[in-house]
Amino acid sequence: MGNWPDHEAILARFRDWLDEARSESVSLDGVGLEPEPADPIGFCQLVEQFTALRQDVKLLAKATRGTEERNEATLLSLGAAIEQFRAVQAKEEEAADKAARPLVEAFVELEESLVRGRRAICQARQRILADVSAGVTEAARRLDDLYRTQPWWRRMLCRPWHNTAKAIYAGGTLDTYRNIFDALLEGYDLIQDRTHRAMRQLSIARMECLDKPADPNRMTVVEVVSDVTRRPGTVVEEIRPGYCWQGRVVRFAEVKAVGEQ
């Protein structure tokens, strides 16, 4: 305790510093007044000022703690409001999904029906044109048989007419059926194009399954086949198409896949 500095020496140095500061401030302000004599400062006054300063610091710390507590309460309230908003947003999204799902399923059924319908029309076109072609061939054969029964002089006279009649009958019949089916397929293509545009706007996509590994999260393997030329698990046939909506599976695809060898 003997190393403590003398109180009077400290106060004297502090008094000198105050006098120098006052002199400098007067000289900087350009006022030529003599510095007023400073009141003597004792140790008690210094302790009093430091005590008042300490009390102000305590009050400031208390006010700061109160502000921090209010901020924490405000943050908790904001967090609860955000969580409530997220919960409401999730419920709104779920409600929107439920409202839009019937429309999505309707588009899926429509697109699948159009694909099946176009496939059936193509098969009917091929079969009917084949039957008509066979009928035209048979009719031409019968005309040729009838033509051969005629006398030679009549065959000479009627040969141009006979060939022209066969060509007109064959071409006209096939063209009539071909034009009917072509017009029907063109209308189907227009409907499918509009359906596909609407599906793209709704983010509805048909799964690509052929020659891809069977995915249990997107596909249902209804039959396992043997194929030594392909890797096990590869999809070789799509029985029923699958669809996704906004990246989520709306309907699983039903496929045939290669089994383990």
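The side chain to side chain donor-acceptor pair (under 3.5 Å) search around Gln192 returns none, not counting sequence neighbours. In this structure Thr149 satisfies the side chain to side chain donor-acceptor pair (under 3.5 Å) test with no other residue, sequence neighbours excluded. Under the rule for a salt bridge (Lys or Arg N to Asp or Glu O under 4.0 Å), Glu186 has no partner lying at least two apart in sequence or in another chain.
Atom CZ of Arg142 sits in a sparse spot, with 12 or fewer heavy atoms from other residues, nucleotides or ligands closer than 6.0 Å.
There is a path of hydrophobic side-chain contacts, each under 4.5 Å, that joins Phe107 to Val250. Both Leu110 and Leu184 belong to a common hydrophobic cluster when Ile, Leu, Val, Met, Phe, Trp and Tyr are linked at side-chain heavy-atom distances under 4.5 angstrom. By the criterion of side-chain heavy atoms lying less than 4.5 angstrom apart, applied directly or through intervening Ile, Leu, Val, Met, Phe, Trp or Tyr residues, Ile128 is grouped together with Ile121 in one hydrophobic cluster. Val235 and Val258 are assigned to two separate hydrophobic clusters, defined by single-linkage of ILVMFWY side chains at heavy-atom distances under 4.5 Å.
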If you look only at distance, which donor and acceptor atoms sit under 3.5 Å apart when one is on a side chain in residues 199-222 and the other is two or more places apart or in another chain?
unit_1	atom_1	unit_2	atom_2	d
Arg206	NH2	Glu238	OE1	2.9
Asp211	OD1	Arg230	NH1	3.1
Asp215	OD1	Asn217	N	3.1

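Between Leu114 and Tyr188, the shortest heavy-atom distance links the atoms O-CE2, 3.6 Å.
Here CD1 of Ile180 is found 12.0 Å from CG of Leu185. Values are rounded to the nearest 0.5 Å. In this structure, CG in Leu129 is found 6.5 Å from CZ in Phe181, a value given to the nearest 0.5 Å.
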Worksheet item: Do Lys256 and Ile239 pass the side chain to side chain contact (heavy atoms under 4.5 Å, CB included) test, and can you show the C-alpha distance, the side-chain angles, and the key distance before you say yes or no?
Response: CA-CA 7 Å; Lys256 293 182 181 181; Ile239 299 176; 3.8 Å; yes
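Residues in residues 188-199 take part in these salt bridge (Lys or Arg N to Asp or Glu O under 4.0 Å) pairs, two or more places apart or across chains: Arg118-Asp189. Legend: side chain to side chain donor-acceptor pair (under 3.5 Å) pairs involving residues 122-133, not counting sequence neighbours, sorted by first then second residue: Arg125-Asp182.
Here Glu112 pairs with Arg116 in a salt bridge; the nearest charged N to carboxylate O distance falls below 4.0 Å.
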